[in-house]
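In the text below, chain A, chain B and the rest are named by the order of the sequence lines, each starting its count at 1.
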Amino acid sequence: MMQRNILVTSALPYANGPIHLGHLVEYIQTDIWARFQRLRGHRCIYLCADDTHGTAIMIRARNEGRSEEDLIASMSDSHQRDFAGFGIEFDHYGSTNSAENKELCSLFWTALRNAGMVAERTIEQLYDPQAETFLADRFVRGTCPKCGLTDQAGDNCNCGHTYSPTELINPKSTLSGATPVLKNATHLFVELEQLRQFLVQWIQEGDHLQSEVANYLKGHFLNDELRDWDVSRPTPYFGFEIPDAPGNYWYVWFDAPIGYIATTQQWCEANNESLDQWWKNENTEIHHFIGKDITYFHTLFWPGMLKTAGFNLPTKVHIHGFLTINGEKMSKSKGTFIAAETYLKYINPAYLRYFYASKLTPRVEDLDLGLDEFSQKVNTDLVGKVVNLASRVGKFAQETGLAEQYPDDGGLFTEGVKAGDEIAAAYESKDYSKAIRRIMELADAANPFVEHAKPWEMKKDPDRKDELQAVCTVAINLFRQLIIYLKPVIPTLAEQYSQWLNEPITSWDQSKNPLLAAKVGKFNRMLDRLQIEDLEKMIEESKNLDQAIESDPDSSYVDSDQPLNDEPISEEISIEDFSKVDLRVARVISAEHVPEANKLLKLQLSLGGSETRQVFAGIKAAYQPEDLVGRLVIMVANLKPRKMRFGLSEGMVTAAGPGGSEVFILGVDEGALPGQRVH
RNA sequence: GGGGCUGUAGCUCAGUUGGUUAGAGCUGGGGACUCAUAAUCCCUAGGUCGCGGGUUCAAGUCCUGCCAGCCCUACCA
């Protein structure tokens with residue numbers, strides 16, 4: 001077999017938050033693929049790094065009163081600890097804030113300049129004179145220029161209008177509360193349109209992308225002229241200063257993917273390898289694993305940059321969907337926003353690796369972690385079928401050892417060898433669910449063999465010792481085959497096997513020949529059943545963690561300042577101003593979905609007696625209609641009715657939260673009656 | 001509104017280039033065994049393959065229309 005040289009990466013996690021189960025969908029699937037390739041005898045290096053630059057890091061470091069370097073160093077430690085906990089085995093873990101990365105950024109930059117692809121344009125942007133920084137749209141709030149609503153986001157208003165932050169009336173910086181001023185800033189743009197022909201071809205030919213991704217790009221980007229990409233940010237910015245444009249920094253998404261190469265270089269230096277061997281060599285494969293949210297950075301900009309700078313293009317960009325838990329988006333309040341660290345306290349990481357593998361397909365689909373399904377699958381498959389096979393012959397085998405010749409097993413082992421090719425093909429094409437399915441079919445065939453042979457009867461008859469040895473030899477070799485096939489997913493199980501039989505598993509091909517004439521050590525329990533209670537504890541702790549997040553342990557009521565930062569307090573008003581708003585207690589008497597609307601529920605609210613109001617509320621993602629009926633809510637009763645596509649909305653239901661599924665309706669303590677005014 | 005993906009047994013999914021009575025695992029029901037982590041084994045139930053057209057000797061599989069779900073995008077709050 002020809003040995004392939006394969007370089008694999010996962011997306012670089014951003015250094016402003018801990019690793020959670022959603023991230024792990026990616027790192028686990030990449031790790032499985034890399035381990036599989038190595039087991040098959042290929043050269044495969046798996047590289048990753050922290051993504052460390054940008055405004056968010058700068059602001060956070062500022063808020064925490066420490067340097068950016070300090071922040072990213074501690075974040076990198078915690079990321080690497082979490083990854084190690086899940087058995088993610090990087091050949092090297094770097095940082096985008098490295099000397100190597102800086103140098104490579106210059107190299108890419110020069111190439112883009114030389115290719116005549118960099119354009120300079122002055123744009124007018126809001127600037128916070130107090131924080132001394134330019135403000136991205138999301139850091140500005142103010143009054144909507146179209147409808148006059150106060151405290152609206154920098155790029156769009158609750159009234160539905162979109163605009164530029166420069167059009168906002170009375171804008172405020174969310175960083176300092178200061179009034180931003182308009183300031184000219186020169187930005188540098190990469191003219192991607194120049195590479196259009198190349199990109200169109202690269203995207204649609206050569207199987208670099210899943211077909212649905214190629215279609216998506218074709219429909220969304222390639223139909224129109226490719227817009228210039230703004231790759232510079234004026235000072236202050238945490239990142240690398242652009243050498244030929246002092247006072248300007250490369251935008252974080254410029255230097256992040258270059259981090260793949262910089263990390264390779266660090267690895268090369270440590271291992272006496274040449275970078276060109278990996279990144280300028282047509283015999284090397286480059287595989288990026290990423291989530292669907294960062295598709296266009298990796299499928300448009302990145303290939304464009306690589307092409308221009310003369311590096312290898314990705315052989316394949318593998319794109320996956322998001323994680324849902326029990327069919328819903330991860331939610332902090334429901335305790336399903338589970339940090340890697342929290343999971344590790346309660347549950348064996350091998351189980352998550354197995355479960356993800358059993359659900360992953362080559363398509364860009366969201367993966368659902370149903371907690372009941374999770375425990376059931378782990379317990380029936382891994383414990384009941386796989387490990388049980390070894391467990392049930394463990395004691396006998398310790399006495400008999402393995403036979404010199406492989407006994408007649410009715411063709412089971414040979415079947416397993418045949419299946420091995422299919423399983424390998426499934427791993428290769430990232431169809432892990434298929435691989436797992438085939439492996440479990442083998443396990444399903446193995447247990448009846450032991451059952452029908454009845455080794456426990458042989459054990460009672462000294463004359464049948466050879467038969468007993470034969471049964472053990474078969475059972476252990478079938479188990480061994482399973483373990484080898486599962487090794488990319490659950491390497492720890494292979495290690496346990498190796499200790500037991502004193503045989504290291506280093507190659508996929510070991511599955512083709514049975515282990516014979518070997519001593520068998522004492523069998524130790526390999527996996528415990530997954531307890532529902534542990535899952536419950538994990539959820540409970542995740543809920544608490546959310547409430548206590550980043551709080552001072554000495555104080556029980558230290559809440560994050562994030563909400564206030566996101567949305568600062570509005571300008572002062574008089575009591576008369578407030579009294580204009582007529583808030584009323586109302587009872588939800590009916591609630592239903594609006595078929596054509598994505599976010600709206602249609603509510604009928606009763607103000608007591610025969611007074612009712614029809615209100616459309618953007619809470620579909622957060623509430624089920626049936627859960628609302630009967631509840632008391634607080635409504636704005638004198639709001640001018642608004643005609644919507646779906647009907648007339650005669651008021652507004654009050655709620656807090658950023659939106660989407662994070663919406664929390666205001667309630668009222670017991671005793672309040674519909675129609676009563678809120679004073 | 002535009003684009004994409006999906007829709008097969010209660011649940012999770014297989015169904016190869018269209019070819020005989022549509023499959024598996026789990027769950028459910030009945031039985032057996034005791035080597036094994038209340039594990040295992042045997043038997044069994046259960047499907048108008050989202051719906052309607054069309055192509056074909058033959059369609060879960062191809063074409064088309066519709067419906068539903070999810071995602072992206074736009075609009076709407």
Derivation and outcome, side-chain contact (heavy atoms from CB on, under 4.5 Å), residues Met635(A) and Val615(A)
CA-CA 9 Å; Met635(A) 74 170 295; Val615(A) 172; 4.1 Å; yes
Separation of [X] atom [atom1] from [N] atom [atom2], in whole Å?
X	N	atom1	atom2	value
Arg437(A)	A24(B)	CZ	C1'	9 Å
Asp293(A)	U73(B)	CG	P	11 Å
Glu422(A)	G15(B)	CD	P	11 Å
Phe322(A)	C71(B)	CZ	P	10 Å
Met440(A)	C13(B)	CE	P	17 Å
Asp431(A)	A14(B)	CG	C1'	10 Å
Asp372(A)	U27(B)	CG	C1'	12 Å
Tyr354(A)	U12(B)	OH	P	16 Å

Please check if the distance between the ring centroids of His320(A) and Phe289(A) is under 6.0 Å.
no
Quiz question: by atom type and distance under 3.5 Å, do the side chains of Thr324(A) and Asp368(A) form a donor-acceptor pair?
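There is such a pair (donor and acceptor under 3.5 Å, judged by atom type) between the side chains of Thr324(A) and Asp368(A).
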Considering only atom [atom1], compute the distance from [N] to [M] and round it to an integer number of Å.
N	M	atom1	value
A9(B)	G4(B)	P	26 Å
A45(B)	G25(B)	P	14 Å
C33(B)	C41(B)	P	16 Å
U56(B)	G19(B)	C1'	12 Å
C43(B)	G7(B)	C1'	32 Å
U64(B)	U6(B)	P	15 Å
C42(B)	C62(B)	C1'	42 Å
U44(B)	G69(B)	P	39 Å

Test side-chain contact (heavy atoms from CB on, under 4.5 Å) applied to Arg584(A) and Ile634(A), step by step
CA-CA 6 Å; Arg584(A) 297 281 171 163; Ile634(A) 305 298; over 6 Å; no
With a cut-off of 3.5 Å and sequence neighbours excluded, list every side-chain donor-acceptor pair involving residues 520-537 of chain A.
from, atom 1, to, atom 2, distance (Å)
Arg525(A), NH1, Asp528(A), OD1, 2.9

Need one value for Lys359(A): base, sugar-phosphate or nothing, where a base atom within 4.0 Å counts as base even if backbone is also close, heavy atoms only.
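Answer is sugar-phosphate: Lys359(A) comes under 4.0 Å of backbone atoms only.
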Counting distance only, does the side-chain N/O of [X] pair as donor-acceptor with the main-chain N or O of [Y] below 3.5 Å?
X	Y	value
Gln210(A)	Arg363(A)	no
Ser391(A)	Asn388(A)	no
Tyr354(A)	Ile436(A)	no
Glu225(A)	Glu193(A)	no
Thr473(A)	Leu402(A)	no

With Watson-Crick and G-U wobble geometry limited to distances under 3.5 Å, how should the secondary structure of RNA chain B be encoded in dot-bracket form, using | for bases paired to another strand and [ ] for crossing pairs?
(((((((..((((.....[...)))).(((((.......))))).....(((((..]....))))))))))))....
What pairs with Lys292(A) under salt bridge (charged side-chain N to carboxylate O under 4.0 Å, His left out), at least two apart in sequence or on another chain?
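Applying salt bridge (charged side-chain N to carboxylate O under 4.0 Å, His left out) to Lys292(A) gives Asp366(A).
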Where along nucleotides 2-11 of chain B does protein come under 4.0 Å, by heavy atom, of base (B) or sugar-phosphate alone (S), with - for untouched nucleotides?
B-S-------
Under 4.0 Å protein heavy-atom contacts per nucleotide of nucleotides 28-43 of chain B, with B for base, S for backbone only and - for none
-----SSBBB-SBSS-
Under 3.5 Å donor-acceptor pairs involving side-chain atoms of residues 482-492 of chain A, not counting sequence neighbours:
from, atom 1, to, atom 2, distance (Å)
Tyr485(A), OH, Gly416(A), O, 2.7
Lys487(A), NZ, Ile505(A), O, 2.9

